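Following: one structure in structure tokens, then a few remarks.
Only a predicted model underlies this, so the values are computations on that prediction, with no experimental measurement involved.
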Amino acid sequence: MTDLKNDTFLRALLREPVDYTPVWMMRQAGRYLPEYRETRAKAGSFMDLCRNPELACEVTIQPLERFPLDAAILFSDILTIPDAMGLGLYFTEGEGPRFERPVRSAADVERIGVPDPQNELRYVMDAVALIRKELGGRVPLIGFSGSPWTLATYMIEGGSTKNFANSKAMMFDRPDLMHDLLGKVADSVITYLNAQIESGAQAAMVFDTWGGVLTPGDYREFSLRYMERIVDGLKREADGRRVPVILFSKGAGQWLDRMAETGCDALGVDWTTDLSDARRLVQDKVALQGNLDPCTLYASPDRIRREVGRVLASYGSGSGHVFNLGHGIHPDVNPEHAAAMVEAVHELSKPYHAGH
């Protein structure tokens with residue numbers, strides 16, 4: 001189980017020397033791939049696909065059959081935890097995820113418990129174990145979860161939102177209640193990610209999609225504080241190797257220095273911050289992951305290659321960089337454009353590592 005043929009991704013996260021900059025894409029197993037769309041049709045629905053370990057394994061590995069990526073990421077959804085808390089997750093066409101029973105009152109917060117990952121979320125653990133086995137050490141497997149703040153916004157709003165009215169009202173008027181909820185969600189994330197690591201995940205990533213909608217003070221109190229709690233609670237070694245932890249807050253480039261103090265190994269950076277500025281902010285305390293604008297993949301392969309070169313130059317020489325998009329790949333991107341990006345990263349990054 002421990003023999004990895006390509007551990008470049010894990011070494012880069014730990015800022016160890018590598019021969020080239022490793023690359024993977026957020027949402028790399030997704031709708032832009034025709035083979036994914038076929039498997040999803042076979043599954044019946046998005047959540048049926050998530051809950052079927054064999055099909056989740058199949059779609060996790062599909063992008064690796066097509067592109068020489070340096071990591072696989074578990075195919076799942078950030079809303080598995082609130083779903084396992086019994087909030088009644090369903091998906092509506094054009095509107096995305098909804099919850100039948102949003103969390104709005106003290107009684108609602110009281111009612112929810114920490115799901116047992118080996119029981120309510122067993123299908124995720126089965127998928128992780130199966131993917132790890134099927135990968136056969138080809139590349140490392142990333143496990144993930146949403147952040148407590150991000151998950152709480154979906155749970156309180158009952159789905160997607162533009163202005164976070166209910167979440168911010170609770171945060172301002174009932175901070176005690178918001179902290180109770182965030183504490184429960186943080187404990188759930190810790191047990192969930194540790195179970196993924198025990199099942200075979202070799203790195204863990206926390207997606208804080210909505211951290212950037214907060215003021216600096218509220219971000220520290222209601223988002224970062226709970227991600228730090230998760231980092232403290234995670235199992236950091238498995239199979240005799242360190243399990244790196246990546247934190248990603250979208251729209252939070254100005255707080256990267258604070259994020260670097262959490263004890264995580266790496267920070268995801270979206271495309272609104274230059275990697276050179278990010279590197280200065282974190283002072284080489286952590287690795288950086290990112291950060292090509294996902295819309296670049298609508299451009300011609302030549303232009304994609306130039307933009308890849310620009311991102312690599314922005315980070316500069318030395319290890320500690322994992323190339324990625326600044327957010328997930330868009331569903332209508334041409335897969336050949338993703339291939340052009342991966343190829344450009346592998347080729348153009350070598351000179352930045354020549355001195356090691």
Side-chain angles (χ1 to χ4, degrees), residues 25-27 73 77-79 81-82 96-97 142 144-172 175 178-179 181-182 185-186 189 204-231 245-282 285-296 311 314-315 321-330:
M25 287 175 284
M26 291 187 264
R27 294 202 200 116
I73 183 163
D77 191 81
I78 64 168
L79 298 180
I81 286 177
I142 306 163
F144 74 92
S145 169
S147 73
W149 165 256
T150 292
L151 294 179
T153 64
Y154 284 103
M155 292 163 72
I156 297 165
E157 303 295 338
S160 304
T161 176
K162 283 201 165 62
N163 58 6
F164 301 88
N166 295 296
S167 310
K168 288 196 174 186
M170 186 190 290
M171 179 184 85
F172 289 127
M178 180 59 96
H179 283 304
L181 175 58
L182 290 168
V185 179
V189 171
M205 181 155 170
V206 178
F207 286 91
D208 184 32
T209 314
W210 301 121
V213 305
L214 294 166
T215 66
D218 291 334
Y219 175 75
R220 289 194 297 274
E221 183 178 350
F222 295 98
S223 182
L224 190 59
R225 172 177 164 182
Y226 290 95
M227 289 198 286
E228 187 167 8
R229 185 158 144 185
I230 290 162
V231 172
V245 178
I246 309 161
L247 300 183
F248 174 58
S249 281
K250 186 165 175 269
Q254 66 274 37
W255 307 319
L256 290 167
D257 49 348
R258 295 290 188 123
M259 296 172 76
E261 289 163 13
T262 55
C264 67
D265 299 285
L267 295 174
V269 184
D270 72 21
W271 68 96
T272 62
T273 301
D274 274 332
L275 286 184
S276 53
D277 295 334
R279 200 173 180 183
R280 257 197 311 279
L281 270 174
V282 304
K285 280 189 192 135
V286 292
L288 296 174
Q289 178 175 278
N291 70 343
L292 189 72
D293 179 346
C295 288
T296 306
V311 171
S314 180
Y315 184 82
H321 180 207
V322 170
F323 199 99
N324 207 313
L325 301 172
H327 201 233
I329 186 167
H330 294 302

At what distance, to the nearest 0.5 angstrom, does [atom1] of [X] lie from [atom2] of [Y]?
{"X": "L182", "Y": "R225", "atom1": "CG", "atom2": "CZ", "answer": "9.0 Å"}
{"X": "R258", "Y": "L224", "atom1": "CZ", "atom2": "CG", "answer": "8.5 Å"}
{"X": "N324", "Y": "L288", "atom1": "CG", "atom2": "CG", "answer": "12.0 Å"}
{"X": "S145", "Y": "F207", "atom1": "OG", "atom2": "CZ", "answer": "9.5 Å"}
{"X": "T150", "Y": "L79", "atom1": "OG1", "atom2": "CG", "answer": "10.0 Å"}

Results of salt bridge (Lys or Arg N to Asp or Glu O under 4.0 Å) for R279 - residues two or more places apart only: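 Listed in chain order: D284.
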
message: List the residues meeting salt bridge (Lys or Arg N to Asp or Glu O under 4.0 Å) with D265, not counting sequence neighbours, and say none if there are none.
response: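 Residues passing salt bridge (Lys or Arg N to Asp or Glu O under 4.0 Å) with D265: R236, R242.
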
- request: Give a yes or no answer on whether the side chain of D274 reaches the backbone of S276 with a donor-acceptor pair at less than 3.5 Å.
  value: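 Absent.
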
With sequence neighbours excluded, residues passing ring-ring contact (aromatic ring centres under 6.0 Å, His included) with [X]:
{"X": "F248", "result": "none"}
{"X": "W255", "result": "Y219"}
{"X": "H179", "result": "F222, Y226"}

Please enumerate all residues that pass side-chain hydrogen bond (donor to acceptor under 3.5 Å, both in side chains) together with [X], with sequence neighbours excluded.
{"X": "S223", "result": "D208"}
{"X": "R220", "result": "none"}
{"X": "D270", "result": "T272"}
{"X": "R229", "result": "D187"}

Give the minimum heavy-atom separation between [X] and [Y], together with the two atoms involved.
{"X": "I230", "Y": "A186", "answer": "CG1-O, 4.1 Å"}
{"X": "H330", "Y": "C295", "answer": "NE2-SG, 3.6 Å"}
{"X": "T209", "Y": "H327", "answer": "CG2-NE2, 4.1 Å"}
{"X": "C264", "Y": "M259", "answer": "SG-O, 3.9 Å"}
{"X": "P294", "Y": "G328", "answer": "CB-O, 3.6 Å"}
{"X": "T273", "Y": "G253", "answer": "OG1-CA, 3.4 Å"}

- prompt: Does any non-hydrogen side-chain atom of V189 lie less than 4.5 Å from one of L151?
  reply: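 When only atoms from C-beta onward are counted, V189 and L151 do touch, with a gap below 4.5 Å.
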
message: Using side-chain contact (heavy atoms from CB on, under 4.5 Å), reason through M227 and S249 one step at a time and then give a plain yes or no.
response: CA-CA 10 Å; M227 289 198 286; S249 281; 3.4 Å; yes

side-chain contact (heavy atoms from CB on, under 4.5 Å) partners of L281, counting only residues at least two apart: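 Once residues adjacent in sequence are excluded, the partners of L281 under the side-chain contact (heavy atoms from CB on, under 4.5 Å) criterion are L256, D257.
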
query: Taking only residues two or more places apart in sequence or in another chain, which ones pass side-chain contact (heavy atoms from CB on, under 4.5 Å) with N166?
result: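 For N166 the side-chain contact (heavy atoms from CB on, under 4.5 Å) partners, ignoring immediate neighbours, are R104, I156, E157.
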
message: Between M155 and V185, does the side-chain contact (heavy atoms from CB on, under 4.5 Å) criterion hold? Intermediate values first, please.
response: CA-CA 10 Å; M155 292 163 72; V185 179; 4.0 Å; yes

- prompt: Applying the side chain to side chain contact (heavy atoms under 4.5 Å, CB included) test to K168, which of L214, N163, D218, T153 qualifies?
  reply: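 Answer after filtering L214, N163, D218, T153: L214.
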
- request: Test V206 against every option in L247, V231, I78, I246 by the side chain to side chain contact (heavy atoms under 4.5 Å, CB included) rule and name the one that passes.
  value: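 Result for side chain to side chain contact (heavy atoms under 4.5 Å, CB included) with V206: L247.
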
message: Suppose the criterion is side-chain hydrogen bond (donor to acceptor under 3.5 Å, both in side chains): which pairs have a residue in residues 286-295, not counting sequence neighbours?
response: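 Pairs touching residues 286-295 that pass the test: W24-Q289.
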
message: With side-chain contact (heavy atoms from CB on, under 4.5 Å) as the criterion, how do W210 and Y154 come out once you've worked through the C-alpha distance, each side chain's angles and the decisive distance to 0.1 Å?
response: CA-CA 10 Å; W210 301 121; Y154 284 103; 3.2 Å; yes

